[in-house]
Amino acid sequence: MKDWAGTGRAYADSYASLCVGTAAFLLDELGEARGRTLLDVGSGTGSLSAAFAGAGWSVTGCEPEPTMREIASREHAGIPVVDGALPQLPFQDRAFDAVVANFVLNHVADPRMAARELSRVSADLVAATVWTNSPTWLWREVCDRAGLTPSAGDRLPPEKDFERTVDGFARMLDDAGWTGSRLSEVTWTWSAGAAALWVSAEGGIGGAGQFYRALDSSERGAFRAAFDAVCSERTVDGRVPLEHSAAMAIRSRR
């Protein structure tokens with residue numbers, strides 16, 4: 001699985017604004033706050049937690065990476081964030097009215113065990129998202145232009161893995177006991193600045209960032225030149241519009 005150590009600032013300046021693109025969809029599915037409590041698992045630098053808090057939820061973040069927690073605590077000071085990670089969260093059974101894991105189950109070693117743990121700490125609603133069309137395609141284009149072979153990335157053992165589609169996500173969650181879940185696919189456009197995209201690569205974010213960090217100096221030069229060319233071709237009004245999609249699952253105990 002990917003190494004996120006020390007990436008808090010780079011993530012906040014790049015992919016945080018992409019991943020919070022699911023916020024409107026999740027808020028709509030979970031309904032009005034009505035004083036309810038919510039746990040944001042894998043809360044990163046706090047953007048999704050802040051969106052829910054802004055809608056009236058009483059939010060607690062849960063994030064294992066220290067630099068992510070540091071930024072979340074500084075930039076969203078009114079939202080508590082605790083050190084904790086799947087598959088063993090530091091909370092009692094049914095401790096929160098709702099639990100959200102936004103792009104988390106695609107990063108854990110045992111997605112089914114992690115999904116069961118999300119359910120354990122929820123008194124009612126639990127929601128999760130995974131990529132069905134992720135930023136990976138952009139970086140593949142950069143690698144092709146640079147004459148580099150993109151990394152295949154780490155894969156889970158077959159018995160742990162699942163197909164990254166709505167149906168594949170649904171089957172995995174059924175295995176984890178999320179029977180009766182509502183599944184859908186949501187799509188949005190992330191209009192990113194080229195500078196933010198480059199921060200993600202240079203900062204070691206995700207598979208592309210780890211791939212870049214493993215290159216030698218000449219390969220890095222080719223990668224950067226290809227990146228600049230791709231962004232130049234795709235830029236519209238100073239931004240690079242990139243369409244992304246996610247599978248979203250909502251389960252209720254009631």
Side-chain angles (χ1 to χ4, degrees), residues 1-2 4 11 15-31 38-44 47-49 51-52 62-63 85-87 89 98-122 124-140 152-192 200 205-208 241-253:
M1 307 311 292
K2 295 179 178 66
W4 293 90
Y11 177 79
Y15 280 0
S17 62
L18 165 63
C19 294
V20 79
T22 57
F25 303 107
L26 289 165
L27 283 163
D28 185 60
E29 286 289 342
L30 296 186
L38 180 136
L39 176 67
D40 181 9
V41 177
S43 53
S47 297
L48 186 67
S49 294
F52 272 93
C62 184
E63 170 58 48
L86 292 166
L89 298 174
V99 176
V100 173
N102 192 41
F103 303 117
V104 174
L105 295 182
N106 47 299
H107 289 300
V108 298
D110 190 332
R112 291 162 183 81
M113 181 182 294
R116 285 192 288 271
E117 180 70 353
L118 296 174
S119 289
R120 181 187 69 80
V121 298
S122 171
D124 181 15
L125 295 166
V126 60
T129 62
V130 297
W131 294 112
T132 53
N133 181 29
S134 74
T136 304
W137 65 265
L138 172 72
W139 301 110
R140 285 202 187 103
D154 295 332
R155 297 297 300 182
L156 296 173
E159 68 276 10
K160 301 289 187 184
D161 210 351
F162 64 96
E163 183 182 349
R164 306 311 165 90
T165 63
V166 174
D167 289 344
F169 192 36
R171 287 191 294 270
M172 185 276 285
L173 292 174
D174 281 346
D175 293 343
W178 284 38
T179 53
S181 300
R182 302 193 309 276
L183 272 291
S184 60
E185 186 171 47
V186 298
T187 299
W188 70 103
T189 298
W190 181 42
S191 292
S200 74
I205 301 298
L242 303 171
E243 186 174 272
H244 295 80
S245 300
M248 179 174 65
I250 310 293
R251 180 181 181 238
S252 175
R253 290 181 177 274

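These figures come from a predicted structure and were not determined experimentally.
- A cation-pi arrangement is not found for R171 relative to F169, the charged atom failing to lie both closer than 6.0 Å to the ring centre and inside a 45° cone about the ring normal.
- In plain terms, the two heavy atoms of L156 and A109 that are nearest each other are CD2-O, 3.6 Å.
- The nearest pair of heavy atoms linking S200 to W139 is OG-CZ2, 3.5 Å.
- Between L18 and L242 there is no side-chain heavy-atom pair separated by less than 4.5 Å.
- Side-chain contact between V166 and S184 is absent, with no heavy atoms from C-beta onward closer than 4.5 Å.
- Residue L38 holds its CG atom at 8.0 Å from CG of L48, rounded to the nearest 0.5 Å.
- In this structure, the side chain of N133 engages the main chain of E243 through a donor-acceptor pair within 3.5 Å.
- Using a distance-only test at 3.5 Å, with no hydrogens or angles considered, no donor-acceptor pair links the side chain of R182 to the main chain of G180.
- Nearest heavy atom pair, residue M172 against residue L105, reads CE-CD1, 4.3 Å.
- Side-chain contact between L30 and F52 is present, with at least one heavy-atom pair separated by less than 4.5 Å.
- Closest heavy-atom contact between A246 and T132: N-OG1, 3.5 Å.
- Between W178 and the choices I250, L183, V126, the side chain to side chain contact (heavy atoms under 4.5 Å, CB included) rule is met once, by V126.
- Annotation for S181 and R251: closest pair OG-CB, 3.6 Å, computed over non-hydrogen atoms.
- E185 places no side-chain N or O within 3.5 Å of a backbone atom of S245 that could act as its donor or acceptor partner.
- In plain terms, the two heavy atoms of G206 and W4 that are nearest each other are N-CH2, 4.1 Å.
- For the atom pair CG of D175 and CE of M113, the computed distance is 13.5 Å after rounding to the nearest 0.5 Å.
- Rounded to the nearest 0.5 angstrom, S122 OG and L89 CG are separated by 11.5 Å.
- Between R116 and R120, every side-chain heavy-atom pair lies at or beyond the 4.5 Å cut-off.
- To the nearest 0.5 Å, atom CE of residue M248 and atom CG of residue D28 are 8.0 Å apart.
- Side-chain atoms of R253 come within 3.5 Å of backbone atoms of S119 as a donor-acceptor pair (strictly under, hydrogens ignored).
- The closest side-chain heavy-atom distance from V130 to P111 is not below 4.5 Å.
- Partner of H244 under the ring pair (Phe, Tyr, Trp, His ring centres under 6.0 Å) criterion, chosen from Y15, F103, W131: W131.
- Between L39 and C62, the closest side-chain pair of non-hydrogen atoms falls below 4.5 Å.
- Between V108 and P87, the closest side-chain pair of non-hydrogen atoms is not below 4.5 Å.
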